[in-house]
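Heads up: the structure comes next, in C-alpha cells.
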Amino acid sequence: MAIKGVSLSVAQGELVSLIGANGAGKSTLLQAICGLLSRWKGEVLFQNVPIKGIDPPGIVRKGISMVPEGRLIFPPLSVMDNLKLGAYTMYRRKQHHQIAQDLEMVMTLFPVLKERIHQPAGTLSGGEQQMLAIGRSLMARPQLLLLDEPSMGLAPLLVDKILKTLVDLRENGLTILLVEQNATAALKIADRGYVLETGRMVLQGTAADLLADEEVKRAYLGKDYEQFYEGLNS
Amino acid sequence: MLKFLNRDRLSYAVFFIAIAIIGLSVENYYYVQLLTFIGINTILALGLNMLMGYAGQISLGHAAFYGLGAYTTAVLTVHYGFSPWLALPCAILLSMLVAFLVGLPTLKLSGYYLGMGTLGFGMIVHIVFREWSSMTGGSSGFIGIPPLEIGPVSFSQIRNFFYLVWLTVLISFIVSKRLIHSRIGRALRAIHDSENAARAMGINTRNMKLEIFVFSAGLSALAGFFYAHLVSFISPGTFSFIVSIKIVTMVVIGGMASVWGSLLGASLLTMLPEWLHAFSEFEMVVYGLILMLVMVLLPQGLTRGLLDIYERTRSKKDQP
C-alpha cells in the first residue's frame, strides 16, 4: 500500500488542498474515497456515515464526484454525451428536468463547451478537456468534489482559469478536495492544506501557514532554489 | 414537423419502403430466400454489434445462442407439440438465461480472455447439439420443424417469411437505436472506452455488460428461431465455431458501433459466396481476398469507410 497512517478531514463548504510530490500517494487516497480500490484498511466518513466498501456507483449517488487524474473523458463521444454520462445516476433516478438545468449551468460556467457541444471530446484542447471533466463531474450534483491534478499539462493561464472556477464553485457552497503537485497555486486558493510525503502526512494547517512554512517552501514551492540560483539571501 | 422527421425516422421510412418494393418486385424464389437469410443474419450481426461495437466486449461464441434459439423451438414444437409462437418466447428466454449464467463469470474477463471464454462456451454448446441425439437428432440433424403461420397467413410462402423477417429487422433496429441513444447506450460506449472512467461516473459496469450480453443473446435466439422455421431442418454444423467467427466478421466488415453496418456486413457476407460461385474452386480464395482488402482499405468497416470517402470527395469539391 502506498499510504499508511494518514488522516484528513474536509469540513462542509471548505476547499482543502492536498499537495505532495509524485508517488506520495495522493491519487491512491482519492481512489480509496471513491471506492475504486477494493482492499485497504481504514475508514472513510461522509456526513458522519461510513462509506468504506460502497462501490463507485454508490459513492456517486451519495454525492461524491471525482475529476480523475488525466481527465479520463471519453474521447470518441461528443461533449454532450460526456456531460450526460456525468449525470448517469441522475438519469437512473429519472430526474430529467434537473439534468437540463445542470447542462445549462455547466455551459454558463464553461461557455466554450457550448460551442463544441457536438464535437467528439477527443478533439478538444487540453484545457477544454479539463473543463469538460469538471463539468461532467458537476452533472452528478455532488456535495463533495474531488479533483486529481486538474492543472496537469495545462498552460499557466488555463490553470488560473480552472482554479478560479473552483473558487467560484466553493463560494456557491460546494465542498472541494483538491489534489495538486502545483503546490503554490493549490494553496493560494485553499482554506486549509495537507502535505503528503511518501505515504505519510507530514504537514497540515491553514493554507496561509503552509504557504509561509519553510519546509513546504523548500520541498514544494521551490523558493529556496530560486533564491539560491539568483544569489539572494532571505 | 421537422422535429418529427428526424434523420432516424426518415431512414426507417426509407428502409420500410425498400422492404416493400423489394418484396413486391423480386420474383425469383431463390433470391427471395437469399434476402430472407440476409435478414436473419442482420439480426444476428445486430445482436453481436450491440455487444462488440458498442460495449466493446468480444464474443466468439455467439453461434451458441443462435443454435439455442433454433434447437429450443425445434424441440418444443416437434417433441412437445408447442405452437411455434409459444416456443418463441421460450427460445429467447432460455437463451437469455444461459447468457446470464455464462456471462456472470466470463464477463469478468476482458480482451483476449473474454474471447477465449466465449469460444470455449460456443464449442461446448456445439458438442451438446451433436451428442445429445435423443433430443437434437445428433449430427444427422433435426428434421420436420413446422412452418410458421398466423391464422390464414402461412409463412411457408417464402414471400411472407421475407416480410416477417425484415419487419423484425426494422423493429430490432428501432429498439437498438433507442437503446443506443439512451443512458444505457452512453454507458455502453463509456465502458468501451474506459471501464474505470465509466465506473467513476457511477456506472455499474458489471451489470451493464451482463445486461447487454443477455440482450444480444436474445436477438441471436430470435434469429435462430427464424432460421429453424424457415429451413425446417437444422444440424449442429450451422451453429459451429466457424459461424461464430462469421458473425464477428459481419460486424467488423460492416462497421462496429453502427446499426446499419450490421445490415451491410450481413448482406455482404451472405451475398459474396453466391456471387463468387463463378470462381468455382477459387471461391474461398477470392472470398478471403475481398475480406482482406476491405479490412486493409477500410479498417473501420464499410459504413464508416464509405462515409469517410463520401465526405472527403465532398470537401474536395468545396475547396478547389
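Every value quoted in this text rests on a predicted model; they were computed, and no experiment measured them.
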- Flag the one option from I184(B), D193(B), N196(B), T205(B) with the top tally of heavy-atom pairs under 4.5 Å to chain A.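 Ranked by contacts with chain A, first place is D193(B).
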Quick check on [X] against chain B: is it the side chain, the backbone, both or neither that has a heavy atom closer than 4.5 Å?
X       : result
I73(A)  : backbone
L85(A)  : both
R136(A) : side chain

- Item | Most chain B-contacting option - heavy-atom pairs closer than 4.5 Å, from T89(A), D81(A), N82(A), L72(A) |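 Among the listed options, the one with the most contacts to chain B is D81(A).
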- Query: Among G86(A), S137(A), P75(A), who wins on heavy-atom pairs under 4.5 Å with chain B?
  - Reply: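 Maximum pair count with chain B is reached by P75(A).
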Looking only at the aromatic ring of each residue, does the gap between the centers of [Y] and [X] stay below 6.0 angstrom?
X      : Y       : value
F16(B) : W166(B) : no
Y54(B) : H192(B) : no
F65(B) : F213(B) : yes

- Between R170(A) and E14(A), does at least one N-O distance fall below 4.0 Å, as a salt bridge requires?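 Between E14(A) and R170(A) there is no salt bridge, as every charged N stays at least 4.0 Å from the carboxylate O atoms.
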- Query: Between Y12(B) and K177(B), is any pair of side-chain heavy atoms under 4.5 Å apart?
  - Reply: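 Result yes, sub-4.5 Å side-chain heavy-atom pair found.
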